[in-house]
Each structure stands twice: as C-alpha cells, then as structure tokens.
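Heads up: numbering here begins at 1 and tracks the sequence.
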Amino acid sequence: MKDKEQIREGLKSNPRVKSLLDFLIMNQRDARPRWYVRLLAPLYQHRECGSKIYRSVRMDTPPYRRFWLGRRSVIESYCCINNAVGDVTIGDYSRIGIHCTVIGPVCIGHHVNLAQGITVTALNHNFNDTNRRIDEQGITTKPVVIGDDVWIGANAVILPGVSIGSHAVIAAGAVVTSDVEDYTVVGGVPAKVIKKLRK
C-alpha cells in the first residue's frame, strides 16, 4: 500500500509522465480503459470468493484506482462500474441490479440491494464559469457511502456527497440529494423522509 502511495505521489510531481500513462491506459474519446487494459482487468480487480460480474457489464476500472467486490456479491447485466476518478468498493452479499451505473468514489456496504436502473454517482461536472464551456471546467467528486442492509428502489438517483445509513430504504424514482439516517424510508424528488422504521 505504501508503494502505491509513493507511485501516486511521484506521478503527481511529474505531469508529463502522468499524461503519458493516462493516454496509454484510458481512451480519452471513449472515456474508458483501452482494450488491452480491459483484458488485464481480472489481474488487478479484487473479487472475493463466490462473487459474480455478468459478461455484459461495462467495467471502466483502470488499475490506478481500487475496485473491490465482496463475497457472494453480484453485478447484474448491462451495469456500468466506473472507478476512473475514485475507488469503488462493494461489500459482501450485495447485489447491483440490471442497468445500474456506479461512478466512484463510492463505498457500498454488506447486504445492500440495488434494484434496476439506479445511478450512484460521486462525480459532478463544474459549470460556474460562464466564460468557458462546461467540458473545459473539469469535474469535482464527493464520496458516496451506502451503509449495510440498504434497499434502493428502481430508477433512484444517489448524488455526490450523500451518505445512506444502515437499514435505510430509498423509494423507486427518488433523487437523493442529502444524507439519509439509519432505519429511514425516503422518497420523492428531492427525496424526503417518508417514515422511520425504528422509534
């Protein structure tokens, strides 16, 4: 771990080498790892015993960020997992449903169930400078943390910087813009508390 940190610091201090490595690893137009990097993905992704990633999943997971999939966890068909700007960790016995998108840095706990079509993103594009195009202004990230034993309904959206407590429920179609406490059901746009599951 210390060696990786030293390599990262070395790259930060040498922007030309970092740019060259970025070019060799990431296809800039497609915003995903190059085909030969994707071939090597099983060598640098961490997958615990009994975990499964369906073949149709788009794994945009370059080796300079962490991807971790816990024991007996599943990423279902047509998902997109992206750790290019932050680590993605998924705990044990969790399920990422069909057509979900997860953009790091995101930490998903144990026994978490994401239904279909959910977006969990810690990334946002900067747009405040009206004298420059949005695609010139870069991005910001704020980590998303999802606790243990959480159920997120279909087509929900979890936005940057949100923490969701343990045993929380997110209603289908909700847009979660702020933290959700343990044992709380939220829903709506933006998501509001519907009820507490524990007094």
*Greater than 12 external heavy atoms within 6.0 Å of R72's CZ*: no
*Short side-chain to backbone donor-acceptor contact, S77 and S56, under 3.5 Å*: no
*Do the side chains of I118 and N155 get nearer than 4.5 Å, heavy atoms only?*
no
*asked:* Distance check, rounded to the nearest 0.5 Å: D148 atom CG versus I164 atom CD1?
replied: 12.5 Å
*Report yes or no: does Q137 contribute a side-chain atom to a donor-acceptor pair with the main-chain N or O of R132 at less than 3.5 Å?*
yes
*Looking only at non-hydrogen atoms, find the nearest pair between P62 and A84 and report the distance.*
CG-CA, 3.8 Å
*Quick one: do L123 and M59 end up in the same hydrophobic cluster if we chain Ile, Leu, Val, Met, Phe, Trp and Tyr together by side-chain heavy atoms under 4.5 Å apart?*
no
*Decide yes or no on side chain to side chain contact (heavy atoms under 4.5 Å, CB included) for R66 and T89, but give the supporting numbers first.*
CA-CA 7 Å; R66 184 173 189 232; T89 61; 3.5 Å; yes
*Are any non-hydrogen side-chain atoms of P160 and T121 less than 4.5 angstrom apart?*
yes
*asked:* Within the 4.5 Å heavy-atom criterion, are V180 and I170 side-chain neighbours or not?
replied: yes
_I'd like to check the ring-ring contact (aromatic ring centres under 6.0 Å, His included) partners of H110; sequence neighbours left out, ordered by chain and number._
none
*What are the two closest non-hydrogen atoms of V189 and G173, and how far apart are they?*
CG2-O, 3.8 Å
*Backbone N or O of N82 within a donor-acceptor pair of the D60 side chain at under 3.5 Å?*
no
_Tell me whether the count of non-hydrogen atoms from other residues, nucleotides or ligands lying under 6.0 Å of CD in Q45 goes above 12._
yes
*Please, which pairs that meet salt bridge (Lys or Arg N to Asp or Glu O under 4.0 Å) have at least one residue in residues 42-52, sequence neighbours excluded?*
none
*Taking all atoms of both residues into account, what is the closest heavy-atom pair of S166 and D182, and its distance?*
N-OD1, 2.9 Å
*Side-chain touch T61/Y44, heavy atoms, less than 4.5 angstrom*: yes
*Short question: side chain of S51, backbone of R71 - any donor-acceptor pair under 3.5 Å?*
no
_I'd like to know if Y93 and V106 are part of one continuous hydrophobic network [Ile/Leu/Val/Met/Phe/Trp/Tyr, side-chain heavy atoms within less than 4.5 Å]._
no
_Please report the interatomic distance NZ(K195) to OG1(T184), rounded to the nearest 0.5 Å._
11.5 Å
*Tell me the salt bridge (Lys or Arg N to Asp or Glu O under 4.0 Å) pairs involving residues 105-120, sequence neighbours left out?*
none
*Look at the side chain of N83 and the backbone N and O of R65, then say whether any donor-acceptor pair between them is shorter than 3.5 Å.*
yes
*Linking I/L/V/M/F/W/Y whenever any side-chain heavy atoms sit under 4.5 Å apart, do V186 and L197 land together?*
no
*Quick one: are Q116 and E76 in side-chain contact, heavy atoms under 4.5 Å?*
no
Distance-only criterion, 3.5 Å: show the donor-acceptor pairs between side-chain atoms of residues 140-147 and protein atoms not counting sequence neighbours.
none

_Could you report the tightest heavy-atom contact between A115 and G153, atom names first, then the distance?_
CB-C, 3.8 Å
*In Å and rounded to the nearest 0.5 Å, what is the OH to CZ distance from Y78 to R55?*
11.5 Å
*CD1/I134 to CG/N128 distance, rounded to the nearest 0.5 angstrom?*
9.5 Å
*L69 and its side-chain contact (heavy atoms from CB on, under 4.5 Å) partner, picked from I53, V74, I96, D92*: I53
*asked:* I need the minimum non-hydrogen distance between L114 and C100, along with the two atoms involved.
replied: CB-SG, 4.3 Å
*side chain to side chain contact (heavy atoms under 4.5 Å, CB included) between V150 and N113: does it pass, once the steps are laid out?*
CA-CA 6 Å; V150 170; N113 282 287; over 6 Å; no
*Determine the minimum heavy-atom distance between S73 and S94, stating which atoms define it.*
OG-N, 2.9 Å
*Please list, chain by chain and in numerical order, all residues satisfying ring-ring contact (aromatic ring centres under 6.0 Å, His included) with Y183, sequence neighbours excluded.*
H167
*Sequence neighbours left out, what passes salt bridge (charged side-chain N to carboxylate O under 4.0 Å, His left out) with D149? Give chain and number order.*
none
*Does any non-hydrogen side-chain atom of V185 lie less than 4.5 Å from one of V193?*
no
*asked:* With a 4.5 Å cut-off on side-chain heavy-atom distances among I, L, V, M, F, W and Y, is there a chain of contacts connecting Y64 to V37?
replied: yes
*Is the shortest heavy-atom distance from the side chain of L159 to the side chain of V175 under 4.5 Å?*
yes
*asked:* Taking the side chain as everything from C-beta on, heavy atoms only, tell me whether I81 gets closer than 4.5 Å to F67.
replied: yes
*State plainly whether one hydrophobic cluster holds both Y54 and V112, where clusters connect Ile, Leu, Val, Met, Phe, Trp and Tyr through side-chain heavy atoms under 4.5 angstrom apart.*
yes
